[in-house]
**Q** 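Handing you a structure now.
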Amino acid sequence: MKKTKSKILTNKIISIYGLGNVGGPIAAAWLRAGAKVIGVDISTKLLNEIKNGISHKKEPYISETFTSALKNNNLELTSDGVLASKNSHIKIVAVPVGLKGHKIDLSSLIHVTKNIARGLKKNDAVIICPSIPPGTTEKIILPILEKNMLKGERDFHLIYNPERIYEGRALQDIEENYPAIVSGLGKKSTNFAQSLLGIISKKGVLMLPSLATAEAEKLFEGVYRDVNIALANELVDFCKDVGINYWEARKAANSQPYCHLHYPGTGVGGLCIPVYPRFVIEQAKKLGKNMRITEFARKINDEMPVHCVRKAIALLKNKKKAKNTKIAVLGLGFRGDVTDSRLSPTYTVVNEFKKRGYKVSVHDPYIHLDNLLPNDVELSDDLSRIVDKSDLIFISTDHKIYSKLNKNSFSKSKKPLLIFDGRNILNKNNFKNSIISTIGMN
Ligand SMILES: NC(=O)c1ccc[n+]([C@@H]2O[C@H](COP(=O)([O-])OP(=O)(O)OC[C@H]3O[C@@H](n4cnc5c(N)ncnc54)[C@H](O)[C@@H]3O)[C@@H](O)[C@H]2O)c1
């Protein structure tokens, strides 16, 4: 999809700080809109991969866009954030903001902001994308940018524009699926943001009245998901006690437009949903408040991996000693069909089995390298290698390929086949005479 270049982009260079899951697709969206882009990342490995045309995660169109832009001199790659700031007019920040323990870690964002400040010029624009606690852009970012005598709004634009992407279809989300959420430090920044973001966002731009409101909006999306997943996990337990199938009840309940019951599962992972509620909880604590529902939902979701391991072990009926029992865990990705395992519940699943003395190995079709699994836990994309001779199969991630499995896929596993389906992804008709425990089913 080649677009005509907008006038705002004439003679303007855009630098993008952080070319990961979010920054990579942002860079691609601007290149597809006809902009000249400087991609900045501290990972020289990542920069070399892009130069060599190696696919950008599991995202369609990104790698091809980078390759053709490099050929046409529309994309420059560097790890020098100060030079990139000097040489660009619009600076977009997409570095991670996560947690260190329970503390919010703004170190990458602050580091990048300092680099930008050293190259900031009159009439430049700075756009902050990571999800951050309300107040961060104005109270932490702005003072750093103003250190060199330039004043926000008077001399440069400051904008907050949270990225609303689903890994695996990020570019489509940016360009087509949702309106861009935008807020500026003042009227000038806001107007500039509206015209600029309107170029790449087909669904238009949703203007918010303050930077803090836009920052909060993004966190609320995550809190909503986390709380509702926790609710699903709680209702699953209730369904078990009263002997009903959660999935059937959910489907009927959701046929009414005010009900949006979520999927239960082995846990909530990734850099977003389990993290944003913590931002809210921590910020509220500083203000002397408790976010009771948000905090309790976090606790429920954090407990799910261990809860599911207990249910899976119940299938074994203690026939063999744990050390002679082989568990095959399917899926390391934090969610189905992603290459990202950050904060994946599978780590807790594996550690819990190990703690109880079981032998564990992990299958994932997309993740080939990992340094967080225990050393003696094999990770492979070869399904039969992982499941052969296994005593129990534990499905942790809803990779689509698992929905196609049938009992022949596990022909060399011990009989009867014991499966814990923590994502309700198996087609049960393919597993006659197997013993399957599915989350939400009795
Ligand atoms: N992953 C998602 O689905 C998602 C969705 C919406 C919003 N977000 C937000 O976007 C932020 C970024 O997430 P991500 O998934 O792209 O992270 P990521 O880890 O995939 O990518 C971040 C990139 O930034 C680079 N980086 C780190 N510190 C840097 C520095 N000081 N200078 C230059 N580059 C640096 C890293 O090398 C990496 O390539 C998150 O904090 C989150 O708030 C993520």
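Order of listing sets the numbers, starting from 1, for every ligand and every atom in it.
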**Q** How are the rings of His157 and Phe192 set relative to one another: parallel (under 30°), tilted (30 to 60°) or perpendicular (over 60°)?
**A**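 Aromatic pair His157/Phe192 classed parallel.
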**Q** For atom 21 (O) of ligand 1, grab the closest protein heavy atom and report residue, atom and distance to one decimal in Å.
**A** Gly20 CA, 3.2 Å
**Q** Under 4.0 Å from any heavy atom of Ser43, which atoms of ligand 1 are there?
**A**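 Result: 37 (O).
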**Q** Thinking salt bridges, do Glu378 and Arg385 make one under a 4.0 Å N-O criterion?
**A** yes
**Q** Can an N or O of Ser131 be found at a distance shorter than 3.5 Å from an N or O of ligand 1?
**A**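 Checking ligand 1 against Ser131, an N or O pair does fall under 3.5 Å apart.
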**Q** For atom 25 (C) of ligand 1, tell me which residue out of Asp41, Val93, Leu219 has the closest non-hydrogen atom.
**A**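 The nearest heavy atom belongs to Asp41.
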**Q** Can an N or O of Pro96 be found at a distance shorter than 3.5 Å from an N or O of ligand 1?
**A**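 Min N/O separation from ligand 1 is not below 3.5 Å for Pro96.
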**Q** Would one find an N or O of Leu271, backbone or side chain, under 3.5 Å from an N or O of ligand 1?
**A**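 Not met; the criterion fails.
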**Q** Heavy-atom distances under 4.0 Å are what count here, so tell me which part of Ala94 touches ligand 1: side chain, backbone, both or neither.
**A** backbone
**Q** Nearest protein heavy-atom contact for atom 31 (N) of ligand 1: which residue, which atom, what distance?
**A**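 Answer, as residue, atom name and distance: His111 ND1, 2.9 Å.
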**Q** Output the list of atoms in ligand 1 that are nearer than 4.0 Å to some heavy atom of Leu46, sorted by atom number.
**A** 39 (O)
**Q** Is Gly81 close enough to touch ligand 1? Criterion: a residue heavy atom under 4.0 Å from a ligand atom.
**A**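 The answer is no, since Gly81 has no heavy atom less than 4.0 Å from ligand 1.
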**Q** Does any N or O of ligand 1 fall below 3.5 Å from an N or O anywhere on Lys218, backbone included?
**A**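 No, Lys218 has no N/O under 3.5 Å of an N/O on ligand 1.
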**Q** Is the number of heavy atoms from other residues, nucleotides or ligands under 6.0 Å of Arg154 CZ greater than 12?
**A** yes
**Q** Compute the minimum heavy-atom distance from Tyr276 to ligand 1 and say whether it is under 4.0 Å.
**A**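 Heavy atoms of Tyr276 do come under 4.0 Å of ligand 1.
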**Q** Between ligand 1 and Glu167, is the shortest N or O to N or O distance under 3.5 Å?
**A**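 It does: an N or O of Glu167 is found under 3.5 Å from an N or O of ligand 1.
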**Q** Ligand 1 and Asn21, any nitrogen or oxygen pair closer than 3.5 angstrom?
**A**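 Yes: some nitrogen or oxygen of Asn21 is under 3.5 Å from one in ligand 1.
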**Q** Based purely on interatomic distance, does Arg164 place a nitrogen or oxygen under 3.5 Å from a nitrogen or oxygen of ligand 1?
**A**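 It does not: no N or O of Arg164 is found under 3.5 Å from an N or O of ligand 1.
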**Q** Is a salt bridge present between Arg164 and Glu217, judged by a nitrogen-to-oxygen distance below 4.0 Å?
**A** yes
**Q** Side-chain contact, heavy-atom cut-off 4.5 Å: Leu70 with Leu77?
**A** yes
**Q** Please report which non-hydrogen protein atom sits nearest to atom 5 (C) of ligand 1, along with the residue it belongs to and the distance in Å to one decimal place.
**A** Ile165 CG1, 3.5 Å
**Q** Taking side chain to side chain donor-acceptor pair (under 3.5 Å) as the definition, give me every residue that meets it alongside Lys100, ordered by chain and number, with sequence neighbours left out.
**A**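 Side chain to side chain donor-acceptor pair (under 3.5 Å) list for Lys100, sorted by chain: empty.
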**Q** For the aromatic rings, using the six-membered ring if either is Trp, is the centroid distance between Tyr17 and His111 under 6.0 Å?
**A**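 For Tyr17 and His111, the ring centres are not under 6.0 Å apart.
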**Q** So do the side chains of Ser79 and Leu47 get within less than 4.5 Å of each other, counting heavy atoms only?
**A** yes
**Q** When you measure from atom 41 (O) of ligand 1 to every protein heavy atom, which one gives the shortest distance, and what is it?
**A**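 For atom 41 (O) of ligand 1, the nearest protein heavy atom is Val97 N, 2.8 Å.
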**Q** So Leu343 and Phe334, do their side chains get closer than 4.5 Å, heavy atoms only?
**A** no
**Q** Does Ser88 use its side chain to pair, donor to acceptor, with the backbone of Lys91 at less than 3.5 Å?
**A**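 Not confirmed, Ser88 side chain does not pair with Lys91 backbone.
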**Q** At less than 4.0 angstrom from any non-hydrogen atom of Val112, what atoms of ligand 1 do you find?
**A**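 Result: 30 (C), 31 (N), 32 (N).
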**Q** To which protein heavy atom is atom 10 (O) of ligand 1 closest, and what is the distance rounded to 0.1 Å?
**A** Val22 CG2, 3.4 Å
**Q** Side-chain atoms of residues 273-285: list all donor-acceptor pairs with protein atoms under 3.5 Å, sequence neighbours left out, distances to 0.1 Å.
**A**
residue : atom : partner : partner atom : Å
Tyr276  : OH   : Ser131  : OG           : 2.8
Gln283  : NE2  : Pro134  : O            : 2.8

**Q** To which protein heavy atom is atom 24 (O) of ligand 1 closest, and what is the distance rounded to 0.1 Å?
**A**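 Of every protein heavy atom, Gly18 CA, 3.4 Å lies nearest to atom 24 (O) of ligand 1.
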**Q** Do NZ/NE/NH1/NH2 and the carboxylate oxygens of Glu221 and Arg225 come within less than 4.0 Å?
**A** no
**Q** Quick one: do Lys355 and Glu352 make a salt bridge, cutoff under 4.0 Å?
**A** yes
**Q** What is the closest protein heavy atom to atom 17 (O) of ligand 1, and at what distance does it sit?
**A**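 For atom 17 (O) of ligand 1, the nearest protein heavy atom comes out as Arg342 NH1, 3.6 Å.
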**Q** Among protein heavy atoms, which sits nearest to atom 33 (C) of ligand 1, and what does the distance come to when rounded to 0.1 Å?
**A** Ile42 N, 3.5 Å
